[in-house]
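Have a look at the structure below, then the notes.
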Protein chains: 2
Amino acid sequence: MNPVQNVIHAISADDGDALHFCSTCAFSGACIDAGYDKPALRDLHVMIEHVGPYRAGEHIFRTNDPFRALYAVRSGAVKTLTVDTNGNEQILGFYLPGELIGLNAIYPERFPCDAVALESSKFCRFSFSAISALATRMPMLQQQLFRMLSRELGMASRLAGDHSADERVAAFLTDLAQRFAAQGFPERYVRLAMTRNEIAEYLRLASETISRIFGRFRNQGLIRVEGRNVEIINSERLSILAHNILGD
Amino acid sequence: MNPVQNVIHAISADDGDALHFCSTCAFSGACIDAGYDKPALRDLHVMIEHVGPYRAGEHIFRTNDPFRALYAVRSGAVKTLTVDTNGNEQILGFYLPGELIGLNAIYPERFPCDAVALESSKFCRFSFSAISALATRMPMLQQQLFRMLSRELGMASRLAGDHSADERVAAFLTDLAQRFAAQGFPERYVRLAMTRNEIAEYLRLASETISRIFGRFRNQGLIRVEGRNVEIINSERLSILAHNILGD
DNA sequence: AATTTGCCATGACCCAGATCAACGTCGCGA
DNA sequence: TCGCGACGTTGATCTGGGTCATGGCAAATT
């Protein structure tokens, strides 16, 4: 049997309970590290609402919806996107379990984008006013929010740079592999939850260009591709290509 | 005398004192609105260090410098930039009085870019750990930091989109005019503190393209250009062009 | 006054990636 | 089982904006 196929089935996180985080919770790192894992956590858990599952194609929120809550992905995968005046979709980001959606809505106080499930997905919903209030009493939580905002800002501006299509695709694959690895999956396998066209809309390329570059990377022995399963053969060279975007 | 010339000389803010903000302080909105204008402000002022002036071309900080403080522009203008492996500069942003530099350094804990004065500039320096600590006691300050991060994130991802050179230049001029207007300057005049080449590095275009588009916008009666002074004649049509990037 | 240096403008040409077109494949509902 | 629509690949052609080259101008320097 081919090693690429069926290696990764679906990413999901356990559900957590009144005293434990979902295993991939966006806040767990900050809180557990800081010794908040005892009763203080009750305050955090009490404001969490488990929502979903949303099926593939369903909206979690839409552009201009009033912003009240952040969404942490528990399982599945999500895209956020805007539609410009010509009807062109622009994908802002893909989100995997453990990642947080909605940070770009804080300032406008409305969601500036749609969020759509790429596959069946569940979420933790955090009231933003409640989590802000809690953050004033939990400095590490505040810090974690600052860090996540800052991280997303850095990523957005690096991706905004003037890079070749090869660099973009290499950075996309490398980044995704690292994020899968952060969930405990083998770093060399990436299961794409999105179409070639969605990758293209994210990287500001045409879907044909994605196909061609996947093909070229395959011919150069950088990756193996079977449909939406990608195996990274030469992560070394891929990282070098990605370096201008990912920074390290 | 030509109306474009010498309308805007230099932007600067008064210096503030122990109980008053600089008139354009990045935090003044949040704090004054929230009724913090009495003794609580002392805590904020006490952690501020006035630095500068830096002359044109001088670095405020450099890539990989450890991140300890945010810088608010008091007067002058600044660019932040990265240099990629081919030696190409990429400008991340321009900053005017009242704006805050360094938010993208929180997550990596090092500055991911250089900051260089475009003209003689002064700053307020805020220790980040001190301001975070204070933010736990001043919810509106925390909120203001969240909002500024979120705002910059939104701007970065809109600029990252797939837009024509015309749209980019229109958005650049419109945005700058709005930010000048926020300082109380007439909205129709923009004084560019940066070269054509720097505009190009910011918008991911060639400097020749900036020249050509300024020329075309002039011929179409959208703007008047004299060196680095720009007068916006038809802000209506310019905003329509910019709409896909600026959103409103 | 002459020279250098940085900045800006404009024409000629080129290229990375978009667009257009054709076709193959897969999954799914009737 | 068939048909249909979404998805992916590949080839041919086009184009927006990049690159290269030239020249002008103004401030700084000699």
Side-chain angles (χ1 to χ4, degrees), chain A residues 2 4-6 55-57 79 84 86-91 116 118-120 161-172 191-219 223-230 241 244, chain B residues 2 4-6 55-57 79 84 86-91 116 118-120 161-172 191-219 223-230 241 244:
Chain A
N2 195 299
V4 174
Q5 286 175 334
N6 297 319
R55 278 165 305 176
K79 63 175 173 179
D84 72 16
N86 316 314
N88 300 319
E89 286 196 1
Q90 170 69 54
I91 290 183
V116 177
L118 293 171
E119 57 193 34
S120 180
D162 182 22
H163 306 288
S164 71
D166 283 26
E167 286 176 310
R168 285 174 192 278
V169 174
F172 172 73
R191 197 184 124 279
L192 304 174
M194 68 296 287
T195 67
R196 302 288 193 267
N197 192 45
E198 285 166 333
I199 299 172
E201 284 171 0
Y202 175 59
L203 299 179
R204 286 107 235 196
L205 298 168
S207 65
E208 293 92 332
T209 304
I210 306 297
S211 275
R212 287 189 245 266
I213 290 176
F214 275 16
R216 190 161 62 243
F217 283 180
R218 179 171 25 71
N219 294 340
I223 58 176
R224 288 178 51 196
V225 187
E226 270 138 32
R228 298 199 182 175
N229 294 303
V230 178
L241 271 175
N244 274 332
Chain B
N2 194 298
V4 175
Q5 286 175 333
N6 295 320
R55 278 165 307 177
K79 62 175 173 179
D84 72 16
N86 316 315
N88 300 319
E89 286 195 3
Q90 170 69 56
I91 290 183
V116 177
L118 293 171
E119 57 193 34
S120 180
D162 183 22
H163 307 288
S164 72
D166 283 27
E167 286 177 311
R168 285 175 191 278
V169 174
F172 172 74
R191 196 185 125 278
L192 304 175
M194 69 296 288
T195 67
R196 303 289 193 267
N197 191 46
E198 286 165 333
I199 299 172
E201 285 171 359
Y202 175 60
L203 298 179
R204 286 108 234 197
L205 298 168
S207 64
E208 292 91 332
T209 303
I210 305 297
S211 278
R212 287 189 247 265
I213 289 175
F214 275 15
R216 191 161 61 243
F217 283 180
R218 178 171 26 71
N219 294 339
I223 58 176
R224 287 177 51 197
V225 187
E226 269 140 33
R228 298 199 182 173
N229 295 304
V230 177
L241 271 175
N244 274 332

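Chain naming here is simple, since letters A, B, ... match the order of the sequence lines and numbering starts at 1 in each. In this text, all values refer to a predicted model and were calculated from it rather than measured experimentally.
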Practice problem: Going 5' to 3' through nucleotides 19-24 of chain C, assign each nucleotide B (protein heavy atom under 4.0 Å from a base atom), S (under 4.0 Å only from sugar-phosphate atoms) or - (no protein heavy atom that close). | Solution: BBB---

Self-check item: Nucleotide-resolved protein contact map, nucleotides 25-30 of chain C, B/S/- at heavy-atom distance under 4.0 Å
Solution: ------

Exercise. Check whether any side-chain N or O of B/Arg228 sits under 4.0 Å from OP1 or OP2 of C/dC8, and answer yes or no.
Key: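 Looking at the OP1 and OP2 atoms of C/dC8, one of them is under 4.0 Å from a side-chain N or O of B/Arg228.
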
Quiz item: Counting only side-chain N and O atoms of B/Arg196, is one of them less than 4.0 Å from OP1 or OP2 of C/dC8?
Solution: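 Checking C/dC8 against B/Arg196, a side-chain N or O does come within under 4.0 Å of OP1 or OP2.
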
4.5 Å side-chain heavy-atom contact, [X] and [Y]:
X        : Y        : answer
A/Glu198 : A/Lys79  : yes
A/Leu192 : A/Ile199 : yes
B/Thr209 : B/Leu203 : no

Between [X] ([atom1]) and [N] ([atom2]), how many Å, whole number?
X        : N      : atom1 : atom2 : value
B/Leu192 : C/dC8  : CG    : C1'   : 13 Å
A/Arg218 : D/dG8  : CZ    : C1'   : 12 Å
A/Leu118 : D/dC7  : CG    : P     : 11 Å
A/Phe214 : D/dT10 : CZ    : C1'   : 16 Å
B/Ile213 : D/dG18 : CD1   : C1'   : 12 Å
A/Ile199 : D/dG8  : CD1   : P     : 8 Å
A/Ile210 : D/dT9  : CD1   : C1'   : 13 Å
A/Arg204 : D/dG17 : CZ    : C1'   : 18 Å

For a quick test of reading the model, state the closest non-hydrogen atom pair linking [X] to [Y] and the distance between them.
X        : Y        : value
B/Arg204 : B/Ile91  : NH2-O, 3.3 Å
A/Ala56  : A/Leu118 : CB-O, 3.5 Å
B/Arg196 : B/Gly227 : NH2-O, 2.9 Å

With a 4.0 Å cut-off on heavy atoms, is [X] in touch with a base, just the backbone sugar-phosphate, or nothing at all?
X        : answer
A/Arg168 : nothing
B/Ser207 : nothing
B/Arg216 : nothing
B/Leu205 : sugar-phosphate

Quiz item: How would you list, by chain and number, every residue that makes a side chain to side chain contact (heavy atoms under 4.5 Å, CB included) with B/Arg216, sequence neighbours excluded?
Solution: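 Only B/Asp166, B/Ile213, B/Gln220 meet the side chain to side chain contact (heavy atoms under 4.5 Å, CB included) criterion with B/Arg216.
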
Practice problem: Using the test side chain to side chain contact (heavy atoms under 4.5 Å, CB included), find all partners of B/Ser120 that sit at least two apart in sequence or belong to another chain. | Solution: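 B/Ser120: side chain to side chain contact (heavy atoms under 4.5 Å, CB included) contacts with B/Pro53.
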
Quiz item: For A/Arg55, which residues count as a salt bridge (charged side-chain N to carboxylate O under 4.0 Å, His left out) partner, sequence neighbours excluded?
Solution: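 In terms of salt bridge (charged side-chain N to carboxylate O under 4.0 Å, His left out), with neighbours along the sequence ignored, A/Arg55 is linked to A/Glu58.
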
Self-check item: Terminal axes of the helix from C/dA1-D/dT30 to C/dA30-D/dT1 (five pairs each): angle between them, nearest 10 degrees
Solution: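 Answer rounded to 10°: the end axes differ by 30°.
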
Quiz prompt | B/Asn86 backbone acceptor or donor facing B/Asp84 side chain under 3.5 Å | solution =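 Present.
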
Self-check item: CD on B/Gln90 to CD on B/Glu201, rounded to 0.5 Å
Solution: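 One gets 8.0 Å once the value is rounded to the nearest 0.5 Å.
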
Quiz item: Can you list the steps and then say if A/Arg224 with A/Asn229 is a side chain to side chain contact (heavy atoms under 4.5 Å, CB included)?
Solution: CA-CA 8 Å; A/Arg224 288 178 51 196; A/Asn229 294 303; over 6 Å; no

